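Contents: one structure, followed by commentary.
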Amino acid sequence: MLIIMKPNSTPQQIEAVVNTVKAHKLTPHITHGVETTIIAAVGEFHTPSTDPFEVLDGVESVKRISQPFKLGSRQVHPENSVFPIDGFNVGGNDIVVIAGPCAVESKSQILETAHAVREAGANALRGGVFKPRTSPYAFQGLGEEGLEYLAEAREQTGMPIVVEIMSQVQLDLMLKYVDVFQVGARNMQNFNLLRMLGETRKSVLLKRGLSATIEELLMSAEYILAGGNKQVILCERGIRTFETSTRNTTDINAIPVLKNLTHLPVILDPSHATGHADYVAPIARAGIAAGADGIIVEVHPDPAKAASDGKQSLKPEKFAEMVKQVKAIAEVMGRRIAPINKPVTAGW
Ligand code: PEP
Ligand code: MN
(Lines give C-alpha, C1' and ligand atoms only; values in the text may rest on other atoms or scores of the structure.)
(Ligands and ions follow the chains in the order given, each with its own letter.)
Protein backbone atom coordinates (compact mmCIF):
# COMPACT_ATOMS: atom_id res chain seq x y z
CA MET A 1 0.00 0.00 0.00
CA LEU A 2 1.22 3.51 -0.85
CA ILE A 3 0.40 6.41 1.39
CA ILE A 4 0.98 9.68 -0.44
CA MET A 5 1.36 12.68 1.85
CA LYS A 6 0.16 16.19 1.04
CA PRO A 7 3.00 18.47 -0.13
CA ASN A 8 2.88 20.53 3.09
CA SER A 9 2.56 17.60 5.51
CA THR A 10 4.50 17.96 8.77
CA PRO A 11 7.07 15.56 10.25
CA GLN A 12 4.56 14.83 13.04
CA GLN A 13 1.90 13.81 10.53
CA ILE A 14 4.41 11.57 8.74
CA GLU A 15 5.36 10.01 12.08
CA ALA A 16 1.70 9.35 12.90
CA VAL A 17 1.31 7.53 9.57
CA VAL A 18 4.47 5.49 10.19
CA ASN A 19 3.15 4.47 13.63
CA THR A 20 -0.19 3.42 12.16
CA VAL A 21 1.63 1.37 9.51
CA LYS A 22 3.60 -0.40 12.24
CA ALA A 23 0.46 -0.92 14.33
CA HIS A 24 -0.95 -2.87 11.37
CA LYS A 25 2.15 -5.10 11.36
CA LEU A 26 3.40 -3.62 8.10
CA THR A 27 6.91 -2.27 7.44
CA PRO A 28 7.12 1.40 6.43
CA HIS A 29 9.59 2.47 3.72
CA ILE A 30 9.70 6.25 3.37
CA THR A 31 10.64 8.11 0.18
CA HIS A 32 11.10 11.87 0.48
CA GLY A 33 10.55 13.03 -3.09
CA VAL A 34 10.96 16.51 -4.52
CA GLU A 35 7.21 17.15 -4.41
CA THR A 36 5.95 14.93 -1.68
CA THR A 37 6.65 12.14 0.77
CA ILE A 38 5.49 8.62 -0.05
CA ILE A 39 5.28 5.89 2.56
CA ALA A 40 5.18 2.34 1.25
CA ALA A 41 3.58 -0.05 3.73
CA VAL A 42 4.79 -3.53 2.88
CA GLY A 43 3.49 -6.62 4.57
CA GLU A 44 4.44 -10.23 4.25
CA PHE A 45 1.06 -11.86 4.58
CA HIS A 46 -1.73 -9.36 4.36
CA THR A 47 -2.80 -5.98 3.07
CA PRO A 48 -5.35 -4.33 5.35
CA SER A 49 -8.04 -1.87 4.33
CA THR A 50 -6.87 1.58 3.23
CA ASP A 51 -9.42 3.25 5.57
CA PRO A 52 -7.30 3.63 8.74
CA PHE A 53 -4.69 5.52 6.69
CA GLU A 54 -7.03 7.68 4.61
CA VAL A 55 -8.41 9.38 7.74
CA LEU A 56 -5.02 10.51 9.06
CA ASP A 57 -4.02 14.19 8.92
CA GLY A 58 -1.67 15.16 6.10
CA VAL A 59 -2.57 12.14 3.93
CA GLU A 60 -3.41 13.03 0.35
CA SER A 61 -4.33 9.58 -0.94
CA VAL A 62 -3.80 5.88 -0.35
CA LYS A 63 -3.27 3.42 -3.20
CA ARG A 64 -2.68 -0.28 -3.33
CA ILE A 65 0.62 -1.26 -4.98
CA SER A 66 -0.52 -3.29 -7.95
CA GLN A 67 2.82 -4.86 -8.82
CA PRO A 68 4.21 -7.88 -6.94
CA PHE A 69 7.53 -6.08 -6.55
CA LYS A 70 7.03 -3.19 -4.16
CA LEU A 71 10.21 -1.40 -3.10
CA GLY A 72 11.70 -1.54 -6.59
CA SER A 73 8.56 -0.18 -8.20
CA ARG A 74 8.39 3.25 -9.76
CA GLN A 75 4.98 3.62 -8.15
CA VAL A 76 6.69 3.70 -4.75
CA HIS A 77 9.64 5.83 -5.85
CA PRO A 78 8.77 7.84 -8.97
CA GLU A 79 12.21 9.44 -9.37
CA ASN A 80 15.27 7.50 -10.53
CA SER A 81 17.41 6.09 -7.72
CA VAL A 82 20.82 7.71 -7.91
CA PHE A 83 23.62 6.54 -5.63
CA PRO A 84 27.36 6.98 -5.39
CA ILE A 85 29.96 4.36 -6.09
CA ASP A 86 33.45 5.52 -5.24
CA GLY A 87 34.12 8.41 -7.66
CA PHE A 88 30.86 8.57 -9.65
CA ASN A 89 27.07 8.30 -9.41
CA VAL A 90 24.97 5.58 -10.95
CA GLY A 91 21.34 6.01 -12.02
CA GLY A 92 21.51 9.72 -12.80
CA ASN A 93 22.20 11.43 -16.08
CA ASP A 94 25.73 10.04 -16.33
CA ILE A 95 26.39 6.71 -18.01
CA VAL A 96 28.84 4.43 -16.23
CA VAL A 97 31.38 2.21 -17.92
CA ILE A 98 32.56 -0.87 -16.03
CA ALA A 99 35.29 -2.89 -17.73
CA GLY A 100 37.87 -5.56 -17.08
CA PRO A 101 38.57 -9.22 -17.64
CA CYS A 102 36.10 -12.01 -17.07
CA ALA A 103 38.49 -13.39 -14.45
CA VAL A 104 41.56 -12.10 -12.65
CA GLU A 105 44.35 -14.37 -13.89
CA SER A 106 47.56 -12.76 -12.66
CA LYS A 107 48.83 -9.53 -11.17
CA SER A 108 50.26 -8.32 -14.46
CA GLN A 109 47.09 -9.18 -16.40
CA ILE A 110 44.78 -7.21 -14.08
CA LEU A 111 47.13 -4.23 -13.70
CA GLU A 112 47.67 -3.96 -17.44
CA THR A 113 43.94 -4.23 -18.12
CA ALA A 114 43.03 -1.76 -15.35
CA HIS A 115 45.36 0.92 -16.70
CA ALA A 116 44.21 0.38 -20.27
CA VAL A 117 40.49 0.61 -19.48
CA ARG A 118 41.01 3.61 -17.21
CA GLU A 119 42.91 5.36 -19.97
CA ALA A 120 40.00 4.65 -22.32
CA GLY A 121 37.53 6.22 -19.87
CA ALA A 122 36.22 3.35 -17.69
CA ASN A 123 34.75 4.32 -14.31
CA ALA A 124 35.05 0.95 -12.54
CA LEU A 125 37.04 -2.26 -12.86
CA ARG A 126 35.45 -5.69 -13.09
CA GLY A 127 37.15 -9.03 -12.56
CA GLY A 128 35.94 -12.36 -11.17
CA VAL A 129 37.91 -14.25 -8.55
CA PHE A 130 35.28 -16.95 -7.92
CA LYS A 131 34.04 -18.08 -11.33
CA PRO A 132 30.76 -19.92 -11.92
CA ARG A 133 31.92 -22.39 -14.57
CA THR A 134 29.80 -25.02 -16.28
CA SER A 135 32.60 -27.53 -15.82
CA PRO A 136 34.14 -28.16 -12.39
CA TYR A 137 37.42 -28.83 -14.20
CA ALA A 138 37.57 -25.35 -15.79
CA PHE A 139 39.49 -22.44 -14.21
CA GLN A 140 37.62 -21.52 -11.01
CA GLY A 141 39.33 -18.20 -10.19
CA LEU A 142 42.21 -17.07 -7.97
CA GLY A 143 40.17 -16.42 -4.81
CA GLU A 144 41.78 -14.10 -2.25
CA GLU A 145 44.97 -13.76 -4.28
CA GLY A 146 42.80 -12.25 -7.06
CA LEU A 147 41.18 -9.84 -4.59
CA GLU A 148 44.62 -8.62 -3.56
CA TYR A 149 45.56 -7.92 -7.17
CA LEU A 150 42.26 -6.10 -7.70
CA ALA A 151 42.91 -3.99 -4.59
CA GLU A 152 46.29 -3.06 -6.02
CA ALA A 153 44.69 -2.14 -9.35
CA ARG A 154 42.19 0.05 -7.48
CA GLU A 155 45.02 1.69 -5.56
CA GLN A 156 46.92 2.51 -8.75
CA THR A 157 44.04 3.59 -10.97
CA GLY A 158 41.47 4.96 -8.49
CA MET A 159 38.74 2.70 -9.93
CA PRO A 160 36.33 0.93 -7.57
CA ILE A 161 36.11 -2.84 -8.11
CA VAL A 162 33.11 -4.96 -9.09
CA VAL A 163 33.47 -8.64 -8.17
CA GLU A 164 31.08 -11.58 -8.32
CA ILE A 165 30.04 -13.25 -5.07
CA MET A 166 28.85 -16.83 -5.48
CA SER A 167 28.14 -17.89 -1.94
CA GLN A 168 27.49 -16.64 1.57
CA VAL A 169 30.77 -18.15 2.77
CA GLN A 170 32.67 -15.61 0.63
CA LEU A 171 31.05 -12.56 2.25
CA ASP A 172 33.45 -11.78 5.10
CA LEU A 173 36.49 -12.04 2.86
CA MET A 174 34.95 -10.02 0.05
CA LEU A 175 33.65 -7.24 2.32
CA LYS A 176 37.29 -6.33 2.98
CA TYR A 177 38.02 -5.72 -0.69
CA VAL A 178 34.98 -5.23 -2.88
CA ASP A 179 33.17 -1.96 -3.76
CA VAL A 180 30.29 -3.53 -5.71
CA PHE A 181 29.08 -7.11 -5.33
CA GLN A 182 28.08 -8.75 -8.59
CA VAL A 183 25.42 -11.45 -8.39
CA GLY A 184 25.77 -13.61 -11.48
CA ALA A 185 23.01 -14.86 -13.75
CA ARG A 186 23.21 -18.34 -12.22
CA ASN A 187 22.64 -16.95 -8.74
CA MET A 188 19.84 -14.50 -9.53
CA GLN A 189 17.44 -16.65 -7.53
CA ASN A 190 19.82 -17.66 -4.77
CA PHE A 191 17.47 -16.09 -2.27
CA ASN A 192 19.68 -16.68 0.78
CA LEU A 193 22.56 -14.89 -0.94
CA LEU A 194 20.27 -12.01 -1.95
CA ARG A 195 18.90 -11.65 1.59
CA MET A 196 22.42 -11.59 2.97
CA LEU A 197 23.48 -8.86 0.52
CA GLY A 198 20.39 -6.92 1.56
CA GLU A 199 21.89 -6.74 5.05
CA THR A 200 25.08 -5.12 3.73
CA ARG A 201 25.30 -1.49 2.65
CA LYS A 202 27.43 -2.09 -0.44
CA SER A 203 26.08 -1.72 -3.95
CA VAL A 204 24.90 -4.89 -5.67
CA LEU A 205 24.97 -5.44 -9.43
CA LEU A 206 22.24 -8.02 -10.00
CA LYS A 207 22.38 -9.87 -13.31
CA ARG A 208 19.31 -11.28 -14.97
CA GLY A 209 19.11 -15.08 -14.94
CA LEU A 210 19.59 -17.01 -18.16
CA SER A 211 15.89 -17.76 -18.42
CA ALA A 212 14.43 -15.28 -15.97
CA THR A 213 11.58 -12.96 -16.82
CA ILE A 214 11.82 -9.24 -16.15
CA GLU A 215 9.38 -9.65 -13.28
CA GLU A 216 11.50 -12.42 -11.74
CA LEU A 217 14.55 -10.12 -11.93
CA LEU A 218 12.61 -7.40 -10.12
CA MET A 219 11.40 -9.87 -7.49
CA SER A 220 15.02 -10.89 -6.87
CA ALA A 221 16.00 -7.22 -6.47
CA GLU A 222 13.18 -6.99 -3.93
CA TYR A 223 15.01 -9.47 -1.65
CA ILE A 224 17.96 -7.08 -1.46
CA LEU A 225 15.85 -3.94 -1.08
CA ALA A 226 13.73 -5.52 1.65
CA GLY A 227 16.87 -5.87 3.79
CA GLY A 228 17.35 -2.11 3.61
CA ASN A 229 20.08 -2.06 0.96
CA LYS A 230 18.81 0.42 -1.61
CA GLN A 231 21.87 0.31 -3.86
CA VAL A 232 20.83 -2.25 -6.44
CA ILE A 233 21.87 -2.02 -10.10
CA LEU A 234 20.03 -4.30 -12.52
CA CYS A 235 21.90 -5.85 -15.43
CA GLU A 236 20.51 -7.25 -18.68
CA ARG A 237 23.06 -9.82 -19.88
CA GLY A 238 21.17 -11.69 -22.58
CA ILE A 239 18.75 -14.56 -22.24
CA ARG A 240 18.60 -18.08 -23.69
CA THR A 241 16.52 -18.38 -26.82
CA PHE A 242 16.36 -20.83 -29.74
CA GLU A 243 18.99 -18.72 -31.56
CA THR A 244 22.42 -20.34 -31.67
CA SER A 245 24.49 -17.84 -33.67
CA THR A 246 25.19 -15.84 -30.52
CA ARG A 247 25.85 -17.12 -26.98
CA ASN A 248 22.67 -15.43 -25.71
CA THR A 249 20.08 -13.08 -27.17
CA THR A 250 20.23 -9.49 -25.97
CA ASP A 251 16.81 -8.51 -24.71
CA ILE A 252 17.08 -4.83 -25.65
CA ASN A 253 13.39 -4.48 -24.83
CA ALA A 254 14.22 -5.20 -21.20
CA ILE A 255 15.99 -1.85 -20.88
CA PRO A 256 13.04 0.49 -21.54
CA VAL A 257 10.66 -1.97 -19.87
CA LEU A 258 12.75 -2.00 -16.69
CA LYS A 259 13.23 1.77 -16.78
CA ASN A 260 9.47 2.05 -16.92
CA LEU A 261 8.76 -0.40 -14.09
CA THR A 262 11.52 0.48 -11.65
CA HIS A 263 13.50 3.43 -10.33
CA LEU A 264 16.66 1.31 -10.06
CA PRO A 265 19.59 1.87 -12.45
CA VAL A 266 19.70 -0.54 -15.40
CA ILE A 267 22.92 -1.46 -17.19
CA LEU A 268 23.75 -3.78 -20.09
CA ASP A 269 26.41 -6.46 -20.43
CA PRO A 270 26.98 -6.77 -24.20
CA SER A 271 29.81 -9.29 -23.65
CA HIS A 272 27.76 -12.14 -22.17
CA ALA A 273 24.71 -11.06 -24.16
CA THR A 274 26.48 -11.79 -27.46
CA GLY A 275 29.42 -14.03 -26.58
CA HIS A 276 31.46 -12.63 -29.45
CA ALA A 277 33.92 -9.71 -29.48
CA ASP A 278 32.69 -8.56 -32.92
CA TYR A 279 29.18 -7.91 -31.62
CA VAL A 280 30.05 -6.22 -28.32
CA ALA A 281 30.40 -2.63 -29.60
CA PRO A 282 27.21 -2.64 -31.74
CA ILE A 283 25.15 -4.01 -28.85
CA ALA A 284 26.76 -1.63 -26.35
CA ARG A 285 25.73 1.24 -28.62
CA ALA A 286 22.22 -0.17 -28.90
CA GLY A 287 21.96 -0.46 -25.12
CA ILE A 288 22.85 3.17 -24.54
CA ALA A 289 20.46 4.23 -27.31
CA ALA A 290 17.73 2.19 -25.56
CA GLY A 291 18.28 4.10 -22.31
CA ALA A 292 20.73 1.98 -20.29
CA ASP A 293 22.48 3.75 -17.41
CA GLY A 294 25.74 1.99 -18.14
CA ILE A 295 27.58 -0.98 -19.60
CA ILE A 296 29.79 -3.71 -18.21
CA VAL A 297 32.27 -5.03 -20.75
CA GLU A 298 34.90 -7.77 -20.73
CA VAL A 299 38.38 -6.62 -21.79
CA HIS A 300 41.56 -8.73 -21.90
CA PRO A 301 45.06 -7.75 -23.04
CA ASP A 302 45.39 -11.04 -24.92
CA PRO A 303 41.93 -12.58 -25.45
CA ALA A 304 43.35 -15.66 -27.19
CA LYS A 305 45.09 -16.62 -23.94
CA ALA A 306 42.22 -15.74 -21.57
CA ALA A 307 41.36 -18.39 -18.98
CA SER A 308 37.64 -17.68 -19.49
CA ASP A 309 35.42 -15.85 -22.00
CA GLY A 310 38.29 -14.91 -24.34
CA LYS A 311 36.01 -15.10 -27.39
CA GLN A 312 33.84 -12.26 -26.14
CA SER A 313 36.65 -10.16 -24.62
CA LEU A 314 37.75 -6.96 -26.33
CA LYS A 315 41.38 -6.01 -26.78
CA PRO A 316 42.08 -2.68 -25.03
CA GLU A 317 42.30 -0.77 -28.35
CA LYS A 318 38.89 -2.10 -29.46
CA PHE A 319 37.47 -1.16 -26.08
CA ALA A 320 38.80 2.40 -26.42
CA GLU A 321 37.14 2.66 -29.84
CA MET A 322 33.87 1.38 -28.39
CA VAL A 323 33.96 3.95 -25.56
CA LYS A 324 34.28 6.74 -28.14
CA GLN A 325 31.20 5.44 -29.96
CA VAL A 326 29.22 5.03 -26.76
CA LYS A 327 30.17 8.58 -25.82
CA ALA A 328 28.73 9.86 -29.10
CA ILE A 329 25.47 7.92 -28.59
CA ALA A 330 25.27 9.21 -25.01
CA GLU A 331 25.49 12.78 -26.30
CA VAL A 332 22.62 12.18 -28.71
CA MET A 333 20.63 10.99 -25.69
CA GLY A 334 21.49 14.18 -23.77
CA ARG A 335 23.77 12.21 -21.44
CA ARG A 336 27.49 11.75 -20.96
CA ILE A 337 29.91 9.12 -19.67
CA ALA A 338 30.59 9.77 -15.98
CA PRO A 339 33.72 11.93 -15.76
CA ILE A 340 36.84 10.65 -14.07
CA ASN A 341 37.85 12.78 -11.12
CA LYS A 342 40.41 10.60 -9.39
CA PRO A 343 44.03 10.64 -10.53
CA VAL A 344 46.01 7.56 -11.47
CA THR A 345 48.69 7.18 -8.79
CA ALA A 346 51.02 4.67 -10.38
CA GLY A 347 51.93 3.72 -13.92
CA TRP A 348 51.98 0.36 -15.53
C1 PEP B 1 30.66 -12.74 -15.66
O2 PEP B 1 30.32 -11.55 -15.50
O3 PEP B 1 31.81 -13.09 -15.95
C4 PEP B 1 29.60 -13.78 -15.60
C5 PEP B 1 29.86 -15.02 -15.24
O6 PEP B 1 28.40 -13.28 -15.99
P7 PEP B 1 26.93 -13.96 -15.99
O8 PEP B 1 26.62 -14.25 -14.56
O9 PEP B 1 26.07 -12.87 -16.59
O10 PEP B 1 27.01 -15.18 -16.85
MN1 MN C 1 32.60 -13.75 -18.18
Side-chain angles (χ1 to χ4, degrees), residues 96-105 109-110 113 117 122 124-136 138-143 146-147 150 160-167 170 174 178-190 193-194 197 203-214 216-217 220-221 224 232-241 246-251 254-255 258 266-277 279-280 283-284 287 292 294-315 319:
V96 303
V97 177
I98 305 166
C102 178
V104 179
E105 295 164 8
Q109 172 246 17
I110 193 67
T113 312
V117 298
L125 178 66
R126 64 149 289 152
V129 300
F130 300 108
K131 295 305 301 175
R133 305 305 300 279
T134 303
S135 164
F139 176 60
Q140 303 286 307
L142 292 184
L147 289 169
L150 280 166
I161 54 178
V162 181
V163 192
E164 177 166 355
I165 181 164
M166 282 176 60
S167 144
Q170 294 157 354
M174 291 185 77
V178 167
D179 298 292
V180 179
F181 284 112
Q182 177 175 318
V183 175
R186 291 154 193 81
N187 264 317
M188 189 202 83
Q189 288 188 319
N190 182 340
L193 179 65
L194 299 176
L197 293 172
S203 299
V204 179
L205 193 165
L206 177 63
K207 292 187 135 194
R208 181 177 180 182
L210 278 73
S211 55
T213 64
I214 289 171
E216 285 164 343
L217 171 62
S220 288
I224 305 168
V232 180
I233 305 163
L234 303 173
C235 180
E236 165 60 38
R237 45 78 72 209
I239 48 175
R240 280 221 168 135
T241 68
T246 50
R247 183 176 178 185
N248 290 295
T249 298
T250 312
D251 183 7
I255 296 166
L258 283 166
V266 178
I267 70 167
L268 175 70
D269 174 347
S271 307
H272 292 86
T274 61
H276 199 294
Y279 309 138
V280 171
I283 297 307
I295 44 174
I296 177 165
V297 179
E298 287 186 343
V299 179
H300 195 286
D302 189 354
K305 296 211 179 92
S308 59
D309 286 351
K311 207 170 131 197
Q312 68 195 33
S313 298
L314 296 183
K315 288 188 178 156
F319 172 71

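Just so it is clear, the model here is predicted, and its values are computed rather than measured. In listed order, ligands and their atoms are each counted from 1.
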Looking at Arg208, Gln312, Lys207, Arg237, which hits side chain to side chain donor-acceptor pair (under 3.5 Å) with Asp269?
Lys207
Minimum heavy-atom separation for Leu205 to Cys235, with atom names?
CD2-CB, 3.5 Å
Output for ligand 1, non-hydrogen cut-off under 4.0 Å, lists Cys102, Arg126, Lys131, Pro132, Glu164, Gln182, Gly184, Ala185, Arg186, Lys207, Arg237, His272, Glu298
Where is the tightest heavy-atom contact between Leu193 and Ser167, given as atom of each residue plus distance?
CD1-C, 3.9 Å
Answer yes when Arg126 and Glu164 have at least one side-chain N-carboxylate O distance shorter than 4.0 Å, and no when they do not.
no
Which residues share a side chain to side chain contact (heavy atoms under 4.5 Å, CB included) with Glu216, sequence neighbours left out:
Met188, Gln189, Ala212, Thr213
Under the rule for side chain to side chain contact (heavy atoms under 4.5 Å, CB included), what residues qualify as partners of Thr134, not counting sequence neighbours?
none
Protein N, O or S atoms under 2.8 Å from the Mn ion (ligand 2):
4
Using atom types as modelled and distance alone, determine if a side-chain donor or acceptor of Glu236 lies under 3.5 Å from a backbone N or O of Gly238.
yes
Got a donor-acceptor contact below 3.5 angstrom from the Thr113 side chain to the Pro101 backbone?
no
Is it true that Lys131 and Asp309 make a salt bridge, defined as a side-chain N closer than 4.0 Å to a carboxylate O?
no
